[in-house]
Amino acid sequence: MKKLVCALLAGAMSMSLLAGCGSKPAEPENTTPENNGGDTNAVSDTLRMGTNAAFPPYEFVDENNEVAGIDAEIAGAIAEKLGMKLEITDMAFDSLIPAVQAGTIDIVLAGMTVDPERAEAVTFTDSYATGVQVIIVPEDSEIAKVDDLDGKTIGVQSGTTGDLYCTDAYGQEQVKQFDNGALAVAALTNGQVDCVVIDNEPAKNYVEANQGLKILDTEYAIEDYAAAIAKDNTELLDKVNAAMKELKDDGTISGIIEKYIPAK
Ligand code: ARG
């Protein structure tokens, strides 16, 4: 069983990159592979990012039907620094690592947690944010802490660290996988699962959007988010890490995060 981290939510919030304020980067351009004019050299001037846009505020589909959020803006700022055009493809979370391995996308920004198993398949850039796995329950739930999960049905987004931890700790029988967090939360509202284990910021969004739910004041795990790049693409890795460092140093990244997650 993986080590569970229990601390106050407030503690981890202060660890997030919330401080500072930076210049606003250009909004990312959403394009599809079909409309890049069939340019066979697209890879060199286009940064093809993959994400799973059901993870607000890191990524979501906005009212213009475009992928927006922290990751889209950070990728937009990186692309701008590298003189590249950003192209975002929305896909299943499970498909992101295979897609970057296959070369159909160049980079993943998806609130993706740095994890040793994933690091065997892809290379992670430097981390740009912190995430916390939390537990969402109905307001009147008897689940009050991590220990109470024993024997309960846990909803998760398939292939996420929440899924991996819970399946490891409680076995497949106790864990129900959903295509995205919103569907897991819908199952919680319908009483099909007893709780949902998911990252704290999407959790807050889901709890706000659905009545009768709350987030427990215990943390299941604290994690680092980073972008993922193909193992052999060291050139892009170096460029992205260099751009990311500049964007951290000048406050752009903390500014983007704070725009979506205002410091309390
Ligand atoms: N941080 C978790 C993980 O890496 C969940 C990420 C889910 N992201 C998404 N865009 N749906 O497994």
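First listed ligand is number 1; within each ligand, the first listed atom is number 1.
The side chain of Tyr225, and not its backbone, has at least one atom closer than 4.0 Å to an atom of ligand 1 (non-hydrogen atoms only; side chain from C-beta on).
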Q: Check the pair Lys231, Glu120 against salt bridge (charged side-chain N to carboxylate O under 4.0 Å, His left out), reporting the backbone distance first and the verdict last.
A: CA-CA 9 Å; Lys231 281 242 179 250; Glu120 284 175 19; over 6 Å; no

Q: Begin with the C-alpha distance, continue with both residues' side-chain angles, and end with the deciding distance and a verdict on side-chain hydrogen bond (donor to acceptor under 3.5 Å, both in side chains) for Tyr225 and Asp71.
A: CA-CA 10 Å; Tyr225 291 167; Asp71 285 332; over 6 Å; no

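With ligand atoms numbered from 1 in the order given, ligand 1 contributes 1 (N), 2 (C), 5 (C) to contacts under 4.0 Å with heavy atoms of Asp199. Atoms of ligand 1 lying under 4.0 Å from at least one heavy atom of Phe55, given by number and element, are 5 (C), 6 (C), 7 (C), 8 (N), 9 (C), 10 (N), 11 (N). When each atom of ligand 1 is checked for a heavy atom of Met112 under 4.0 Å away, the hits are 4 (O). Ligand-side atoms of ligand 1 in range of Arg118: 3 (C), 4 (O), 12 (O), range being under 4.0 angstrom from any heavy atom. Short contacts between ligand 1 and Gln157, defined as distances under 4.0 Å to a heavy atom of the residue, involve ligand atoms 7 (C), 11 (N).
Ion pairing between Lys152 and Glu142 holds under the 4.0 Å rule for side-chain N and carboxylate O. Look at Glu235 and Lys239 and you find a salt bridge, because one of the NZ, NE, NH1 or NH2 atoms lies within 4.0 Å of a carboxylate O, short of that distance. A salt bridge links Asp249 with Lys245; the closest basic N to acidic carboxylate O contact falls under 4.0 Å.
Residue nearest to atom 10 (N) of ligand 1, selected from Val114, Thr51, Thr161, Asn52: Asn52 (by heavy-atom distance).
In terms of heavy atoms, Ala228 sits closest to Met112 at CB-SD, 4.3 Å.
Summarising the local packing, CD of Glu139 is surrounded by more than 12 heavy atoms from other residues, nucleotides or ligands at distances under 6.0 Å.
Using a 4.0 Å cutoff on heavy atoms, Tyr58 does not count as a contact of ligand 1.
Looking at atom 6 (C) of ligand 1, its nearest protein heavy atom turns out to be Gly111 O, 3.3 Å.
Inclusion of Ala110 in the set of residues having an N or O under 3.5 Å from an N or O of ligand 1 is warranted.
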